[in-house]
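Everything on this sheet refers to the single structure shown next.
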Number of protein chains: 2
Amino acid sequence: MKIGDLAKRSGLTAHTIRYYERIGLLPYADRNQSRHRDYDASILTWIEFLGRLKTTGMPIRDMLRYAALREAGAGTEAERRALLERHRERVRAQVDELNACLLVLDTKIDGYVETEQRKTDDDAPEQNRIRGRRKPA
Amino acid sequence: MKIGDLAKRSGLTAHTIRYYERIGLLPYADRNQSRHRDYDASILTWIEFLGRLKTTGMPIRDMLRYAALREAGAGTEAERRALLERHRERVRAQVDELNACLLVLDTKIDGYVETEQRKTDDDAPEQNRIRGRRKPA
DNA sequence: TCTTGACTTAGAGCGCGCTCGAACCCGTAG
DNA sequence: CTACGGGTTCGAGCGCGCTCTAAGTCAAGA
């Protein structure tokens, strides 16, 4: 598979793939007789996992650490596991924080809903106006 | 309240507070006779809300839009609400995505746990060795 | 044969969100 | 009076993660 195909299938650009190889996030790819990169489909699995790490906010320097352990092969599993477990905790905390923010957003949005409701009440004819914040049942 | 106090209470640096004012994220602050910024405690509520928007990944240009509507005052509630509702949807999607990533992380970590278990089994004396991936019950 | 288009490398540039430095101004404690 | 610990403005610089340009190579199709 050539870099353009891998780009299409991975969702990365060819530029980004070369950049990732340059910094060590992707292993140095085999080249064909034209010195073009020639990929095996298995690289997609790794790219997809990198995408998960990225989505969850792992900085590239940490991905590099993980990638280096992976390249090092057997004997690094315990450290890889520890790295992922630490990351998982951070992601869990992140989810909790986002959920807390969602509650705040809900409250804020509800406030605007009520503002609009008051406006609607004000616009209503005098004999139909109801005091208070909520629409009558 | 002076900028240093606000920095302590808000968790931002004085540099960042000035930067936020400069770009319009914070309203132009009153100055005292020494031309120093003089803040009212109420600004903390706004800064805290900005922090929520930031935590949830809203880019500054969108916060600026919201801040501008806020400054514009009454009559902009519907648009502010719409902006927050769109953002809420993005945050919900983000939480879903993170949870999906957490499942992948769990699987990956479980894989390493099993690797370590095999290693432990290999290290055990011959008569105690058990075939298979899982620790015996 | 010639053109097209995808590939190569090295290195510069960019958008974001700060972060910091320089030079200066003030008010207060010693 | 002086030193110090704030504050001020303006603008440059930085770390991140790409993103793009330039100049060249190569293979395949008209």
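Each chain gets a letter, A, B and so on, in the order its sequence line appears, and its residues count up from 1.
Residues satisfying the side-chain hydrogen bond (donor to acceptor under 3.5 Å, both in side chains) criterion with A:E85, sequence neighbours excluded, are A:R81. Partners of B:E21 according to the side-chain hydrogen bond (donor to acceptor under 3.5 Å, both in side chains) rule, which considers only residues two or more places apart in sequence or in another chain, are B:R31, B:R37. Contacts of A:E89 classified as side-chain hydrogen bond (donor to acceptor under 3.5 Å, both in side chains), with partners at least two apart in sequence or in another chain: A:R92. With sequence neighbours excluded, the residues forming a side-chain hydrogen bond (donor to acceptor under 3.5 Å, both in side chains) with B:D40 are B:S42, listed by chain and number.
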At under 4.0 Å between heavy atoms, which parts of nucleotides 18-30 of chain C does protein reach? Answer with one letter per nucleotide, 5' to 3': B base, S sugar-phosphate only, - none.
-> BBB-----SS---

Would you list the atom pairs, donor with acceptor, under 3.5 Å between side chains in residues 6-15 of chain B and any protein atom, with sequence neighbours excluded?
| unit_1 | atom_1 | unit_2 | atom_2 | d |
| --- | --- | --- | --- | --- |
| B:S10 | OG | B:L6 | O | 2.8 |
| B:S10 | OG | B:A7 | O | 3.4 |
| B:S10 | OG | B:L12 | N | 3.1 |
| B:T13 | OG1 | B:H15 | N | 3.4 |
| B:T13 | OG1 | B:T16 | N | 3.0 |
| B:T13 | OG1 | B:T16 | OG1 | 2.9 |

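The side chain to side chain donor-acceptor pair (under 3.5 Å) contacts involving residues 96-108 of chain A comprise A:D106-B:R88, where partners must be two or more places apart or lie in separate chains. For residues 49-69 of chain B, the set of pairs meeting the side chain to side chain donor-acceptor pair (under 3.5 Å) definition, not counting sequence neighbours, comprises A:Y112-B:Y66, B:T56-B:H87, B:R65-B:E79.
Side-chain contact between B:E114 and B:R118 is present, with at least one heavy-atom pair separated by less than 4.5 Å.
Remark: P of C:dA6 and CD1 of A:I17 are 14 Å apart, rounded to the nearest angstrom. Whole-Å rounding puts the A:N32 CG to C:dA6 P distance at 16 Å.
Residue-level contact check: B:R18 touches the bases, meaning some heavy atom is under 4.0 Å from a base atom. Residue B:I3 is in sugar-phosphate contact alone, with no base atom involved, counting any heavy-atom pair closer than 4.0 Å across all strands shown.
The footprint of chain B on DNA chain D, defined by a heavy-atom cutoff below 4.0 Å, extends from D:dG7 to D:dG11.
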